[in-house]
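Computation of the quantities below employed the complete heavy-atom set of this structure, encompassing side-chain atoms and omitting hydrogens, waters and symmetry-equivalent molecules. Along the sequence shown, residues carry numbers from 1.
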Amino acid sequence: MAAIFGFTGPTDEKCLHGMGHSLLHRGNGALQSITDRNISIGFSSGGYRQKRGYLSGIIKREDMVLAIAGFACDTDKCIITLSDLLTEIRNRGTGVFSRLNGDYVCAYHDGVTTSLVRDMAGIRSIYYGQYNNRLVFSVEPKGLLAFPGFPRRLRPASLAQYLSFSFVAGSWTMFRDIQVLPPGHILTCREGMEPELRMFCDLYKSDFEHSDNIDTWSSRFVTHFQDAIQDRLPESGPVGIFLSGGIDSSIVTAEVSKLYSGPVKTWAVHFGPDFSHELDYASAVAKRCGTCHREVLIRPGDFLPKIRKMVWHLDEPIGDPITAPNFELARIASQEVDLIFNGEGGDPCFGGPKNIYMLLNHWYGGSPENQYFREKAYCLSFRRAYEDIELLLTPEFQRHILIDRDIHDVLTPYFTAATPKGFLDKLMTMNIRLKGASLILPKVERMLGAWGIDSLSPLFDWRIVQLSFAMPSRFKVKSGIEKYIFKHAYRDFLPLEVIVRPKSGMRVPVHFWFRGELKKYARKILNKKELKKNGIFNYEYVDQLLNYSKENGSGRHGLKLWMLITFEIWRRIFIEGESV
């Protein structure tokens with residue numbers, strides 16, 4: 001959870017200190033800063049237990065300044081220190097970042113230009129904006145907002161995306177003046193010129209030889225997966241795993257418990273006997289792998305007193321209810337570990353079940369004669385509030401939004417791109433670049449980081465991502481079986497019931513909670529006076545959701561209410577400036 005932050009232009013120690021102070025929750029060490037002519041960069045060390053060969057920290061040499069938050073590893077094993085990296089950048093330019101794997105963001109200044117770098121899969125995030133002829137940047141929007149005078153303005157188009165997907169897709173954020181660097185990109189800024197954005201990696205370029213043999217690909221996957229986990233294992237101390245009982249977290253548990261000699265602790269969450277759960281599957285995996293396992297019951301009363309703090313840590317509103325169990329489970333786990341492995345990445349990188357709906361639509365559904373037919377189907381697959389936007393937003397606020405421009409046109413380039421050719425791989429690209437980088441990875445990093453835990457996502461390792469795209473699609477989704485390669489590779493290492501079961505996902509029972517324990521709180525946040533005052537949401541329709549009326553809309557009242565209260569809490573804290 002280390003932090004980097006800073007700005008170009010004349011130095012200002014007080015301003016840099018203020019940015020660093022807003023990010024104190026991300027580190028456990030003293031703030032370090034370097035200022036040199038037209039650059040100011042700050043760094044706060046995080047809790048990750050470093051290993052030899054991990055690149056992280058801040059350094060200055062001559063007119064060059066470099067800071068890395070997270071960790072990066074040189075695939076050629078030649079760059080061991082930050083000084084080595086500075087030498088390579090001096091000799092070869094920023095193209096050297098294509099050799100770095102890991103979970104990192106970087107800020108670099110060479111005396112003339114300032115560059116921001118985000119790891120190839122987007123496991124870590126870095127935000128930036130231009131203000132008063134400066135480039136201002138930080139690992140969280142909080143850092144930019146701490147810059148004196150930086151504007152706090154809502155971007156209407158981003159709210160439309162949020163209602164459609166439960167997150168803001170692409171390079172923009174919910175703030176009108178803040179963007180997030182896309183995965184695998186470098187932003188270069190030279191004084192007096194517009195910043196330039198370019199990709200430094202290729203999702204689809206790999207050294208894997210073609211093969212039609214499932215055993216060959218299975219062996220390749222296991223080898224690279226073990227490397228991804230080994231790179232993230234500490235040298236000592238306990239490690240944890242959030243074990244849902246699904247195939248993704250189960251294969252992570254199988255490998256971590258096999259590769260690591262230290263204590264391995266696992267946690268599985270449930271919501272009480274009245275709701276479905278996966279405890280039996282998780283327990284079977286824990287027993288098979290020999291982990292110290294614990295089942296955790298989570299109810300609204302556990303996280304409701306901390307919900308404003310939770311939203312504050314999210315930085316941007318994320319409308320997925322799983323944030324609450326992640327947040328509360330991290331609080332509990334933080335008493336025993338400071339590193340948590342997760343199974344995030346299985347669905348976007350290897351063809352999860354939601355792709356099946358899109359594949360069926362592609363084969364048998366809409367017609368190319370209908371403009372945006374694929375984009376509309378993709379939005380509908382999220383089952384959020386895409387169909388309810390006109391009902392949810394006031395006519396006045398809707399004037400700032402064009403659905404085709406603000407939602408559909410964000411998706412179109414992925415469907416029309418010449419590469420990749422296969423439709424499943426096009427979906428995977430979208431899910432990695434949009435859902436992975438804007439929802440899955442920021443969510444898990446922020447919710448665990450709130451309690452001082454570093455989140456580790458080996459299935460988003462760049463070697464794994466490239467292997468997946470090189471692999472034939474039929475080994476990812478086969479005869480309706482998603483993530484087929486996982487189940488083939490680990491059929492002898494996990495309980496049979498975990499291998500053959502269909503994915504069910506963790507269903508957070510917000511539909512029932514908003515009729516019971518969360519009902520009063522929802523009415524307090526979504527009250528008529530406040531909604532009428534801010535002029536964003538149509539109170540009459542919100543009232544129907546609160547009453548679970550089925551007169552209008554597409555159902556899923558509980559999920560929509562969760563999205564609305566998350567956004568409203570966020571808006572009041574980050575736009576209106578309310579205290580946490």
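Qualifying side-chain hydrogen bond (donor to acceptor under 3.5 Å, both in side chains) partners for R198, counting only residues two or more places apart in sequence or in other chains: T94. Evaluation of the salt bridge (Lys or Arg N to Asp or Glu O under 4.0 Å) rule for R523 yields D543 as partners, not counting sequence neighbours. N132 is linked by a side-chain hydrogen bond (donor to acceptor under 3.5 Å, both in side chains) to nothing, counting only residues two or more places apart in sequence or in another chain. Qualifying salt bridge (Lys or Arg N to Asp or Glu O under 4.0 Å) partners for E396, counting only residues two or more places apart in sequence or in other chains: none. Not a single salt bridge (Lys or Arg N to Asp or Glu O under 4.0 Å) links K376 to another residue, sequence neighbours left out. Under the rule for a salt bridge (Lys or Arg N to Asp or Glu O under 4.0 Å), the partners of R572 that lie at least two apart in sequence or sit in another chain are E568. For F7, the ring-ring contact (aromatic ring centres under 6.0 Å, His included) partners two or more places apart in sequence, or in a different chain, are F147. Listed by chain and residue number, H408 satisfy the side-chain hydrogen bond (donor to acceptor under 3.5 Å, both in side chains) test with D404 (two or more places apart in sequence, or in another chain).
Counting only residues at least two apart or on different chains, the side chain to side chain donor-acceptor pair (under 3.5 Å) pairs with a member in residues 168-182 are R153-D177. The salt bridge (charged side-chain N to carboxylate O under 4.0 Å, His left out) contacts involving residues 298-317 comprise K142-D315, K306-E328, R308-E578, D315-R446, where partners must be two or more places apart or lie in separate chains. Applying the salt bridge (charged side-chain N to carboxylate O under 4.0 Å, His left out) test to every pair with at least one member in residues 8-18, sequence neighbours left out, gives no pairs at all. For residues 427-437, the set of pairs meeting the salt bridge (charged side-chain N to carboxylate O under 4.0 Å, His left out) definition, not counting sequence neighbours, is empty.
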Where do Y372 and D409 land on the side chain to side chain donor-acceptor pair (under 3.5 Å) test, with the steps shown first?
CA-CA 9 Å; Y372 295 121; D409 285 346; 2.7 Å; yes
Please lay out, stage by stage, how L411 and L434 fare under the test side-chain contact (heavy atoms from CB on, under 4.5 Å).
CA-CA 9 Å; L411 308 175; L434 299 179; 3.8 Å; yes
Run the side-chain contact (heavy atoms from CB on, under 4.5 Å) check on F567 and Y162 step by step: do they pass?
CA-CA 9 Å; F567 173 80; Y162 172 79; 3.9 Å; yes
Checking side chain to side chain donor-acceptor pair (under 3.5 Å) for the pair D248/N342: CA distance, chi angles, key distance, verdict?
CA-CA 8 Å; D248 304 346; N342 60 69; over 6 Å; no
Take V139 and F5 through the test side-chain contact (heavy atoms from CB on, under 4.5 Å) and record every step on the way to the result.
CA-CA 7 Å; V139 291; F5 51 92; over 6 Å; no
Would you sort out whether Y414 and N431 count as a side chain to side chain donor-acceptor pair (under 3.5 Å), showing the intermediate values?
CA-CA 10 Å; Y414 293 95; N431 291 335; over 6 Å; no
Before giving the answer on side-chain contact (heavy atoms from CB on, under 4.5 Å), spell out for I322 and K443 the whole-Å C-alpha distance, their side-chain angles and the decisive distance to 0.1 Å.
CA-CA 9 Å; I322 197 64; K443 172 199 68 180; 3.5 Å; yes
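Between E576 and R152, none of the side-chain N atoms (NZ, or NE/NH1/NH2) sits under 4.0 Å from a carboxylate O, so this pair counts as no salt bridge. Using a 4.0 Å cut-off between charged side-chain N and carboxylate O, E540 and K528 make no salt bridge. The existence of a salt bridge linking R134 and E191 is excluded, since no basic side-chain nitrogen approaches an acidic carboxylate oxygen closer than 4.0 Å.
A donor-acceptor contact shorter than 3.5 Å links the side chain of Q398 to the backbone of E390. Checked by atom type and distance alone, the side chain of Q161 pairs as donor or acceptor with a backbone atom of D406 at under 3.5 Å. For the pair H511 (side chain) and P509 (backbone), a donor-acceptor distance under 3.5 Å is absent. Judged by distance alone, the side chain of N534 and the main-chain N or O of E530 form a donor-acceptor pair under 3.5 Å. Judged by distance alone, the side chain of H557 and the main-chain N or O of S549 form a donor-acceptor pair under 3.5 Å. Judged purely by atom type and a 3.5 angstrom limit, R331 has no side-chain atom pairing as donor or acceptor with the backbone of L329. Between the T394 side chain and the F397 main chain, a donor and an acceptor come within less than 3.5 Å of each other.
Aromatic ring centres of F514 and Y548 lie farther apart than the 6.0 Å criterion allows. Taking the six-membered ring for Trp and the full ring otherwise, the centers of W312 and H25 sit less than 6.0 Å from each other.
The only option from W562, Y521, F271 that meets the ring pair (Phe, Tyr, Trp, His ring centres under 6.0 Å) definition with W513 turns out to be F271. Under the side-chain contact (heavy atoms from CB on, under 4.5 Å) test applied with S33, the options I58, L16, I41 reduce to a single match, L16. Shown are L526, L392, L391; of these, the side-chain contact (heavy atoms from CB on, under 4.5 Å) with L545 is made only by L392.
Within a 6.0 Å sphere centred on CG of N133, other residues, nucleotides and ligands contribute 12 heavy atoms or fewer. A 6.0 Å sphere centred on CD of E196 holds no more than 12 heavy atoms belonging to other residues, nucleotides or ligands. Open room surrounds NE2 on H21; 12 or fewer heavy atoms of other groups in view lie less than 6.0 Å from it. Summarising the local packing, CZ of F512 is surrounded by 12 or fewer heavy atoms from other residues, nucleotides or ligands at distances under 6.0 Å.
Across E517 and P300, no two heavy atoms sit closer than the pair OE2-CD, 3.5 Å.
Side-chain contact annotation: T188 with T113, donor-acceptor N/O pair under 3.5 Å absent. For the 3.5 Å distance criterion, the side chains of S125 and R118 qualify, holding a donor opposite an acceptor. Side chains of Y541 and D388: a donor on one and an acceptor on the other come within 3.5 Å.
The distance from the CG atom of D320 to the CG atom of L314 is 10.0 Å, given to the nearest 0.5 Å. Between the CD atom in E295 and the CG atom in L243 there is a gap of 10.0 Å [rounded to 0.5 Å]. With rounding to the nearest 0.5 Å, the separation of OG1 in T11 from CD1 in I39 is 10.5 Å. Atom CD1 of I126 sits about 11.5 Å away from atom CD of E140, to the nearest 0.5 Å.
Residues I68 and V117 are not in side-chain contact: their nearest non-hydrogen atoms beyond the backbone lie 4.5 Å or more apart.
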